[in-house]
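Report on the structure given below.
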2 protein chains.
Amino acid sequence: MERLEIPQKSIYRISLYSRCLERLEANGHEMVSSAALAAAAGVKSSQLRRDLAYFGAFGTRGRGYPVQALRLAIHEGLGRAKLQPVIMVGAGNLGRALLRYDGFKKEGYDILAAFDSDSEKLSEKSIPVPLFPSEEIASFARQHHVKMAILCVPAAHAQEAVNVLVEAGIQGVLNFSPAVLQVPADVTVNNVDLALELENLSYFVRK
Amino acid sequence: MERLEIPQKSIYRISLYSRCLERLEANGHEMVSSAALAAAAGVKSSQLRRDLAYFGAFGTRGRGYPVQALRLAIHEGLGRAKLQPVIMVGAGNLGRALLRYDGFKKEGYDILAAFDSDSEKLSEKSIPVPLFPSEEIASFARQHHVKMAILCVPAAHAQEAVNVLVEAGIQGVLNFSPAVLQVPADVTVNNVDLALELENLSYFVRK
DNA sequence: TAGATTGTTAATCGATTAACAATC
DNA sequence: TAGATTGTTAATCGATTAACAATC
């Protein structure tokens, strides 16, 4: 089963199933049907079974899926490298806000350091990680084997910032800058555009 | 042209085009071709033309689109209510972090107040908006005609929180809680799951 | 007119879903 | 065995793209 052939949308859902399985396991469930797990994840049961089929056949006809074994199979299948080191690029309002958020660490992603081109910010005290000038991104990433970055720079500087990241060997970028980024095919960029999300919501709100 | 028939993915892209048009306009461009605008937004030109067709025909064959008129047509077509009031529900780490982010206001979304069920947090000083107990959500939303909310409560309390929001007449929820929410069909929930995004990225990073 | 580019159709592609044989 | 539920196929649905006639 070639990993790269699993569609990205399936990968998202499978992570969601994993989270539901953790909760079921914590509640002492040993087996779960595709119908029950799908309901917990908010999808159709046929979709769930199809998604799981990318990893092979783990269920037992007539009985369902073993909760723990399925969770472990998903972890194995996704090849998730827990405790993945991450760097934050851009320490403006959003970057600093996210640095204070503890949800990343809880999920196993450790933000090692932040970088900013504005040396004024280097004296900023309210940040829970070391803050370095942008020039040091490449050497730091190589030294600490960092493969993932969170990008929070102004839109106007996002492309040049991501160029530096690519050059530094970063392979995955979580981009909060409202900009369309060009990267080589072997680098993945996931965009989170907060203003766009609100704007989209407002379309569906009756005036 | 019935608004509700435009697919949500098109709505997202159209907002993106709008942003690109603003930049073109600021740079003094009067006309733009579908090819150039599509390149700026990172999509195919045929997709852009198809998206724009939902609003009618604004281009001129052989010449392209008038930048300002197209931007205005999009604003009109999306029916965007700028300066939309918003409330923040949940003032934990992520909620407080986002309250300090100024990107929402810049885009015309004004966070009027935050709500939390933990009365301990009510004395919290580092928040730039008033913080009230959760019991006051409904009366506040009605009084200030709030139709949109940002939800940042722990997963375990997300469903009960969104129930309160629905009851209070909220029609759009930007949900940062890692939970699958059930809402009536006339309420829109857009999910932003930061941990899921990082987890997804890590799948595409070579180990 | 010739060149350019839209608006729109038809073809393609990919993802979702229903259905059901396999089988515990 | 009878009932339940998977794994998988085939049908459906929806979104993307190529292509091109219309037309500035």
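These numbers come from a predicted model, not from an experiment.
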Ignoring hydrogens and geometry, is there a side-chain-to-backbone donor-acceptor pair from A/Ser177 to A/Val153 under 3.5 Å? yes
Taking 4.0 Å as the cut-off, does a side-chain nitrogen or oxygen of A/Tyr65 come that near to OP1 or OP2 on D/dG7? yes
So, does the side chain of B/Arg50 form a donor-acceptor pair with the base of C/dT8 at under 3.5 Å? no
Separation of atom CG in B/Leu70 from atom C1' in C/dG7, rounded to whole Å: 14 Å
Look at the side chain of B/Arg61 against the base of D/dT23 and say whether a donor-acceptor pair falls under 3.5 Å; ignore hydrogens and angles. no
Distance, rounded to the nearest Å, where A/Gln47 contributes CD and C/dA19 contributes C1': 16 Å
Expressed in angstrom and rounded to an integer, what is the separation of B/Glu5 atom CD from D/dC13 atom P? 16 Å
CG of B/Leu174 to OG of A/Ser202: how many Å apart, nearest 0.5 Å? 11.5 Å
Check the distance between D/dG7's P and A/Tyr54's OH and give it to me in whole angstrom. 15 Å
Any A/Thr60 side-chain N or O less than 4.0 Å from OP1/OP2 of C/dC24: no
D/dT8 P sits how many Å from A/Phe55 CZ, rounded? 15 Å
By nearest heavy atom, map A/Asp51 and B/Arg49 onto DNA chain C; which one lands nearer the 5' end? B/Arg49
Taking atom P of C/dT5 as reference, at what distance in whole Å does atom CE of B/Met31 sit? 10 Å
Rounding to an integer number of Å, can you tell me how far A/Ile6 CD1 sits from C/dT16 P? 14 Å
A/Gln8, CD: over 12 other non-hydrogen atoms inside 6.0 angstrom: yes
Where the side chain of B/Arg13 is defined as all heavy atoms beyond and including C-beta, which of D/dT16, C/dG7, D/dA15 is the nearest nucleotide? D/dT16
With a non-hydrogen cut-off below 4.0 angstrom, is A/Arg63 in contact with a base, only sugar-phosphate, or nothing? sugar-phosphate
Within the 4.0 Å heavy-atom criterion, would you say A/Ser46 contacts the bases, only the backbone, or no part of the nucleic acid? base
Any strand, both distances under 3.5 Å, Watson-Crick or G-U wobble: C/dA21 pairs with D/dT6
Could you check which nucleotide pairs with C/dT12 in any of the strands shown, counting Watson-Crick or G-U wobble with both distances under 3.5 Å? D/dA15
Say whether, by atom type as modelled, one donor and one acceptor occur between the side chain of B/Gln182 and the main chain of B/Gln159 under 3.5 angstrom. no
Keeping the roles fixed (side chain from B/Asp116, backbone from B/Ala91), state whether a donor-acceptor pair exists under 3.5 Å. yes
Between C/dT5 and B/Ser34, is there an OP1 or OP2 to side-chain N/O distance shorter than 4.0 Å? no
note: A/Lys44, atom NZ; D/dT6, atom P; distance rounded to Å ~ 16 Å
